[in-house]
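Here the structure comes first, spelled out in structure tokens, and everything after it is commentary.
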Amino acid sequence: MKLTMDGRQVSFNEGQTLLDVATANGIYIPTLCWHPRTGPASRCRVCVVEVEGMRGLQTSCSVAARAGMVVRTDTADVKSARRMTVQNILFSGHHNCIACEATGRCELQDVAYRLGIREYPTIDEPKEPMDTSSDLIVMNPNKCIVCGRCVAACNDVVVNQVLTFAHRGYKTKVVCDTAVPMAESTCVQCGECVQLCPTAAITERKSMGMGREWELQKVNTTCPYCGVGCQMTLYVDKAKNRIARVKGREGIAPNEGSLCVKGRFAYDFPSSDKRLTKPLIKKNGEHVEVSWDEALDYTAGRLRGIKDKHGPDAYVAIACARSTNENAYAMQKFARAVIGTNSIDHCART
Amino acid sequence: MTNSIKELENARLLFVIGSNTTEAHPVISYFMKRATRKGAKMIVNDPRRIDLCRWADRHVRIKPGTDVAYLNGLMREIIAIGGQDQEYIANHTEGFEELRKSVDGYTLERTSEITGVPVETIREVARTLSEIKPASVVYTLGITEHICGVDNVRSLANLQMLLGNVGVYAGGVNPLRGQNNVQGACDMGALPNVYSGYQRVNDLAIKDKFEKAWKVGLSDKIGLTIPQMFNGIKDHSVKAFYIMGENVVMTEPNAGHTKKCLEECEFLVVSDIFYNETVSYAHVVFPDLCWAEEDGTFTNTERRVQRVRPALKGAGESKSNWWVLNELGKRIGYDMGFTSSRVTYEEMRSLTPSYGGITWERIADVGLQWPCPTTDHPGTEFLHVGGKFTRGKGLFAAIEYRPPAELPDAEYPLLLTTGRRLWHYHSGTQTHNSEGMDNLFGEELMEISPADAQRLGVKTGDWVRAKSRRGEIVLRAWVTDRSPEGVCWTSFHFAKACGNELTIDAFDPISQTAEYKVCAIRIEKSADGEPLGSTRVPVRQARP
Amino acid sequence: MSNALNEIFANHPNATVDKLIPILQAAQRAEGYLSMETIHAIAAHLRIPSGKVFGVATFYNQFRFEPAGRCRVTACRGTACHVRGGRNVINSIESHLGVRDGETTPDLKYTFETIACLGACALAPVIVVDSKYYGKVTPKKALTIIENQ
């Protein structure tokens, strides 16, 4: 099926929206409330386009493409409507990009930039208090654009059903349960709302001041906790050798972007100063730090001695279900090929 | 898992048994909860009123350790009402008659008496299973951590074959593996009876293959399992013990026994990332690289092989295990030839048919699911497609119910079952060392039912002493109707009050898995305590 | 849980979320306002998250979350009332009772609210006291009406 978009004949599939068609054809339409995992919400009205024969501007995220449609995404009306919408959003909140945690990854900032908004009026009304009750997540209603992505994430994606809209109109606010502080709510701190928030209305607390989006190196890896094997991106401060932030990888199996409280927030143990950093040998009942050569020579000597005296089956080993396949493979090959026993197991049974 | 995680979202019926999914596998629970919103029915079978019950159509509160009786009772009823898939049974299975005979004794009344589930409930669950197909069975350690763990799993396989639910999309028997790479460690042959890819050590052709590849003579004698290793130390047949990254003091049952064995071990080598409870017993300690420093792969619960990448420089002088083992090998007189993680993987791949097609290049972005024998194979989303089993036909097994090893009695009147909490991971080496996690849940609690608490004169926040025949711990009580009367629950995340001081070292005869889920304890109040406080009461896990 | 609430739930056995608004209305009629305990109880009865109940309840103007005064005073701030001096009426009531729009006096005697338009523009400015309409009020007249309650 085909339709006309900005004067071009483009083809599309049944079920695609105008936004889908534009994206597939490299045509930029700004969005704020739409997200691949929460779908169209038609709240922000930033994605409006003109459709011939339809009255008024249409939200492209929610209008289904039909054969023969004539769509314009770049008319003066469209541009001015989008600009006015974004200006109103900026005007009704407190968006201070210099101090903002989201600078560099803020969708509102990007959309304003792409629309050519160079300045916008601000109002100096009293700021609403932030919810800093949780150790892991900060909610700042002054940066909330009421796009609803967090509410949809909480209710429809992870189905934890904590976040909700309260009140209405200009007073609409995202709250936990019955507007209680997050730490006292039923929130399990999965952080799906953090990942889907387009601004810094909901952010990771531990990541504050830990580095800008563009300064941090992104490393794709697999979560170290349960057996689901969630795919995640680590945001790494190379100079300080620490992880600053963790994000689920959108659109990638098996987790499709979602994480849980451990995967998203329990990431700083590698940088703990309690890590073991040198080999230890027990001498006179005390562990003392030794060089690798001493530890390896000593261990090899003892293992060879036991093998020679008692045979290979006097050696047993437990591999680790937390470590990599490569280490597990090395562990069983060591038992079998170096020592000569099959007594290798791991905690699959626990 | 026979099937894939994403299929759970499109399931028509989820039969969850012995899986506290929202806490132990939160991200999989998202798929299951979404399924219920799309109209799927969910039956949660669990002694405890776990959080997942909020989304369930039915919560069946079975007594701990009575799963075989429950499943046999369900199967008898399904056969009685003609709910079995006769065509599937005829074409794809063997041994149906034996199964039918073996479940015949599990009448509704007898099943109800053993399991504590009302007759009407058994009848209704059987009807639902007969009517809604396919059902996806999801289970975790609530099934396997029993002296009859293997029987439990085979009973679930019986149920699913009876209903014709194996080898179909959104069906199957789906164990959710507990640890990030427990699947991989099994696949790699870190087991006493198989090499990588489940190639048997006592199969002479396999032995010959590995001897040629490794150019060394190998043993065809099946090795020891973990409990046998500890017993070997006790009887002095085991002299050297190499533990890689396992905090066995906290994770093995009957911690007192574990500690005694480690003390007696002639030579104990431990490699780990923190100085934990087990490290303190070691003669030699190697500092390990941790997850964010390692290069390699993990294999998840749906058999998906995925990349792990080094994001950080290793702490201090810590090293990868493959490097340490290779260095030790050279010093003992055999060079394993591991010069990098990738070289290690490539050797494994060349010797492991199911991983043959999974190269690091192919999984750079998205993982692949084994079996994947060749580099042009797309991987395997679900096993036994169309009811084709590895052995040809699916074999029903006749299984009889056996009670747990230790049940409550006059001296130890309460039943303790153990498990995991959302906020922590195993012995807590990682989560206790991550900022913020201990503030979410900072001390272990003993969950006690309101009826038992009243009898004991205990309220939430009071200090209690929990004793079993093997040990005791002191911790605070959380009075909650998550626990049914007569059943207590705790975890093993905290060294100060580790549930495994109490658990019993009784094992399944085949899998050698310990019965972490049932032992008998006594609880005494030791002191009044402060209420837990509004933010510290785990409201998040006790929603109505 | 109060008896009234139990009775409401008994009248709506096995109710689903469709019955949320009727139950909220009945609860408010019975108890005068919706306490957080009531909201939690309704959520538990309907087996939905309490946030959902709170979100719906706060969306509608008809629901209140604090105990109301025995006497309810409503002043219109519609256009017609405004041009005929409604603002002065409102100011005078607020300063007399010592409460702002939506608040209740500490002695729980009066609750004062404003409303966008009562639709009785011919009588502007209008106030409503305990469901009775009073037209063409002045600040002084309004206070007399209120004091005579």
Side-chain angles (χ1 to χ4, degrees), chain A residues 135-136 158-159 183-184 186 188 219 221-222 224 226-229 234 236 241 254-255 258 260 266 268-270 272 275-278 280-282 296 299-300 302 304 306 310 314-321 323-330 332 334 337-338 342-346 348-350, chain B residues 5 26-27 30 33 177 179 182 184-185 188-190 192 201 214 216 223-224 226 229 239-240 242-246 251 267 283-285 287 290-292 296-298 300-301 306 308-309 311 315-316 321-322 325 327-329 331-332 334 341 344 348 430-431 433-434 436 439 513 535 540 543:
Chain A
D135 287 324
L136 302 175
V158 297
V159 201
E184 288 164 35
T186 57
V188 291
V219 180
T221 193
T222 304
C226 77
V228 181
L234 308 180
V236 182
N241 198 41
N255 51 312
S258 293
C260 76
D268 34 7
F269 66 90
S272 163
R275 283 284 299 278
L276 289 169
T277 55
K278 284 184 84 109
L280 309 172
I281 292 181
K282 199 170 254 182
L296 291 167
T299 307
R302 290 290 310 263
R304 194 168 39 208
I306 288 168
H310 302 284
Y315 171 91
V316 299
I318 302 181
C320 179
S323 188
T324 59
N325 283 329
E326 292 72 13
N327 286 330
Y329 182 81
Q332 61 91 33
F334 183 82
V338 178
N342 284 311
S343 289
I344 168 79
D345 202 0
H346 73 282
R349 303 166 207 288
T350 59
Chain B
I5 293 167
V27 174
Y30 307 159
K33 290 188 279 183
R177 306 301 305 257
Q179 301 178 64
V182 65
M188 291 304 107
V201 295
W214 290 350
V216 66
L224 304 182
I226 292 176
M229 291 175 186
K239 305 289 180 185
Y242 195 135
I243 300 176
M244 169 176 143
E246 297 270 341
T251 58
F267 185 55
H283 298 97
V284 179
V285 181
C290 80
W291 146 79
T297 54
F298 290 158
N300 83 345
T301 186
Q306 310 190 103
V308 181
R309 292 188 174 85
N321 275 289
W322 61 260
L325 292 159
E327 287 298 312
L328 287 173
R331 282 164 167 84
I332 294 172
Y334 180 90
S341 184
T344 312
M348 180 280 297
Q430 297 180 165
T431 45
N433 285 302
S434 290
N439 289 351
T513 298
T535 58
R540 305 172 197 90
R543 291 178 279 190

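Here is how names work: the chains are called A, B, and so on, in the same order as the sequence lines, proteins then strands, and each is numbered from 1. All heavy atoms count here, side chains included; hydrogens, waters and symmetry mates do not.
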- Query: Taking atom NE2 of A:H346 and atom CD of B:E246, what is their separation to the nearest 0.5 Å?
  - Reply: 8.0 Å
- Distance (rounded to the nearest 0.5 Å) between A:R302 CZ and B:L328 CG: 13.5 Å
- Task: Write down the atom of B:M229, the atom of A:A317, and the distance for their closest heavy-atom approach.
- Result: CE-O, 3.2 Å
- Where A:D345 and B:I226 come nearest, the two heavy atoms and their spacing: OD2-N, 2.9 Å
- Output for pair (A:N255 CG, B:N300 CG), nearest 0.5 Å, gives 9.5 Å
- Message: So for B:V216, is it side chain, backbone, both, or neither that comes closer than 4.5 Å to the heavy atoms of chain A?
- Response: side chain
- Task: Before giving the answer on side chain to side chain contact (heavy atoms under 4.5 Å, CB included), spell out for B:W291 and A:T222 the whole-Å C-alpha distance, their side-chain angles and the decisive distance to 0.1 Å.
- Result: CA-CA 9 Å; B:W291 146 79; A:T222 304; 5.6 Å; no
- Most contact-rich option vs chain B, by heavy-atom pairs under 4.5 angstrom, among A:L234, A:L136, A:I281, A:V228, is A:V228
- Which bit of A:L296 comes within less than 4.5 Å of chain B, counting heavy atoms only: side chain, backbone, both or neither? both
- Heavy-atom pair with the smallest gap, counting every atom of A:F269 and B:C290: CE1-SG, 4.2 Å
- Message: With a 4.5 Å cut-off on side-chain heavy atoms, are B:Y242 and A:V316 touching?
- Response: no
- Query: Taking the side chain from B:K33 and the backbone from A:V158, do they hold a donor-acceptor pair closer than 3.5 Å?
  - Reply: yes
- Proximity breakdown for A:V236 and chain B, heavy-atom pairs closer than 4.5 Å: side chain
- Pairing residues for A:N325 by the side-chain hydrogen bond (donor to acceptor under 3.5 Å, both in side chains) criterion, not counting sequence neighbours: B:N181, B:T297, B:T299
- Between CD1 on residue A:I344 and CE on residue B:M244, distance to nearest 0.5 Å: 8.0 Å
- Note on the structure: Closest non-hydrogen contact found for B:T344 with A:Y329 is CG2-CD2, 3.9 Å
- Note on the structure: Applying a strict 4.5 Å limit to non-hydrogen atoms, the region of A:D135 in contact with chain B is side chain
- Item | Part of B:V308 within contact of chain A (heavy atom distance under 4.5 Å) | both
- Search all heavy atoms of A:A319 against all heavy atoms of B:A190 and return the closest pair with its distance. CB-CB, 3.7 Å
- Task: Taking A:T221 for its side chain and B:R309 for its backbone only, find out whether a donor-acceptor pair lies under 3.5 Å.
- Result: yes
- Query: Who wins among A:C226, A:A266, A:C260 for the most heavy-atom pairs under 4.5 Å with chain B?
  - Reply: A:C226
- Query: With chain A, which of B:G329, B:G436, B:G316, B:A315 has the greatest number of heavy-atom pairs at distances under 4.5 Å?
  - Reply: B:A315
- Item | Side chain, backbone, both or neither of A:I306 within contact of chain B (heavy atoms, under 4.5 Å) | side chain
- Only counting residues at least two apart or in another chain, list the ones meeting side-chain hydrogen bond (donor to acceptor under 3.5 Å, both in side chains) with A:N342. A:R336
- Item | Residue pair A:P254 / B:Q306, side-chain heavy-atom distance below 4.5 Å | yes
- Item | Short side-chain to backbone donor-acceptor contact, B:R331 and A:R304, under 3.5 Å | no
- Note on the structure: chain A shares the most heavy-atom pairs under 4.5 Å, among B:A311, B:G184, B:A292, with B:A311
- Item | Residue, of A:S258, A:A328, A:A300, that accumulates the most heavy atom pairs under 4.5 Å with chain B | A:A300
- Message: Taking side chain as everything from C-beta outward and backbone as N, CA, C, O, which of these in B:L325 sits under 4.5 Å from a heavy atom of chain A? Side chain, backbone, both or neither.
- Response: both
- Which atoms form the tightest heavy-atom contact between B:W322 and A:E326, and what is the distance? CB-O, 4.5 Å
- A:V219 portion near chain B, given a 4.5 angstrom heavy-atom threshold: side chain
